[in-house]
Amino acid sequence: MNGLAIMENVRRYRTIASLYRQTAAFRPLHSGSLLAQAREWEHRAVAELEAYYEAFCQAASGNTPTHSATRAVN
């Protein structure tokens with residue numbers, strides 16, 4: 001996957017997380033689970049970036065990527 005696609009995924013994941021946080025503000029009885037969902041989407045965004053940059057750094061140094069850099073984040 002190229003860098004633009006990665007960044008688009010990260011933008012989408014963070015948008016989804018933001019929507020969960022906004023919904024939690026208006027639904028206090030469900031805020032615990034909604035905020036947990038927001039944290040999960042933020043984690044996906046960070047994992048996507050980490051995998052991309054780890055693979056980029058490995059490629060730049062001439063080494064082969066590690067297992068964590070090649071995993072798919074869904």
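What you see is a predicted model; the values in this text were computed from it and never measured.
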Say you draw a straight line from [atom1] of [X] to [atom2] of [Y]; how long is it, rounded to the nearest 0.5 Å?
X     : Y     : atom1 : atom2 : value
Leu4  : Asn9  : CG    : CG    : 11.0 Å
Gln37 : Leu19 : CD    : CG    : 12.5 Å
Leu49 : Tyr13 : CG    : OH    : 10.5 Å

Listed by chain and number, what are the side chain to side chain donor-acceptor pair (under 3.5 Å) partners of Thr23, not counting sequence neighbours?
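Partners of Thr23 under the side chain to side chain donor-acceptor pair (under 3.5 Å) test: none.
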Quick one: list whatever passes side chain to side chain donor-acceptor pair (under 3.5 Å) with Arg11, sequence neighbours left out.
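By the side chain to side chain donor-acceptor pair (under 3.5 Å) rule, Arg11 matches Glu8.
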Report the C-alpha separation of Arg44 and Glu40 in whole Å, then their side-chain angles, then the decisive distance to 0.1 Å, and conclude whether the salt bridge (charged side-chain N to carboxylate O under 4.0 Å, His left out) test is met.
CA-CA 6 Å; Arg44 288 180 187 186; Glu40 183 178 321; 2.8 Å; yes
Out of curiosity, does Leu35 fall in the hydrophobic cluster containing Trp41 (side-chain heavy atoms, cut-off under 4.5 Å, transitive links)?
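No: no chain of side-chain contacts under 4.5 Å links Trp41 to Leu35.
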Kindly give the heavy-atom pair with the smallest separation between Ser31 and Ala24, and that separation in Å.
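Minimum heavy-atom contact is CB-O, 3.7 Å.
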Mind listing the closest non-hydrogen atom pair of Tyr52 and Gly3 along with its distance?
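Where Tyr52 meets Gly3 most closely, the heavy atoms are OH-CA, 3.6 Å.
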Under 4.5 Å between any side-chain heavy atoms of Asn2 and Met7, yes or no?
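Not in contact.
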Any pair with a residue in residues 15-37 that passes salt bridge (charged side-chain N to carboxylate O under 4.0 Å, His left out), sequence neighbours left out, goes on the list, sorted by first then second residue, please.
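Residue pairs passing salt bridge (charged side-chain N to carboxylate O under 4.0 Å, His left out), neighbours aside: Arg21-Glu42.
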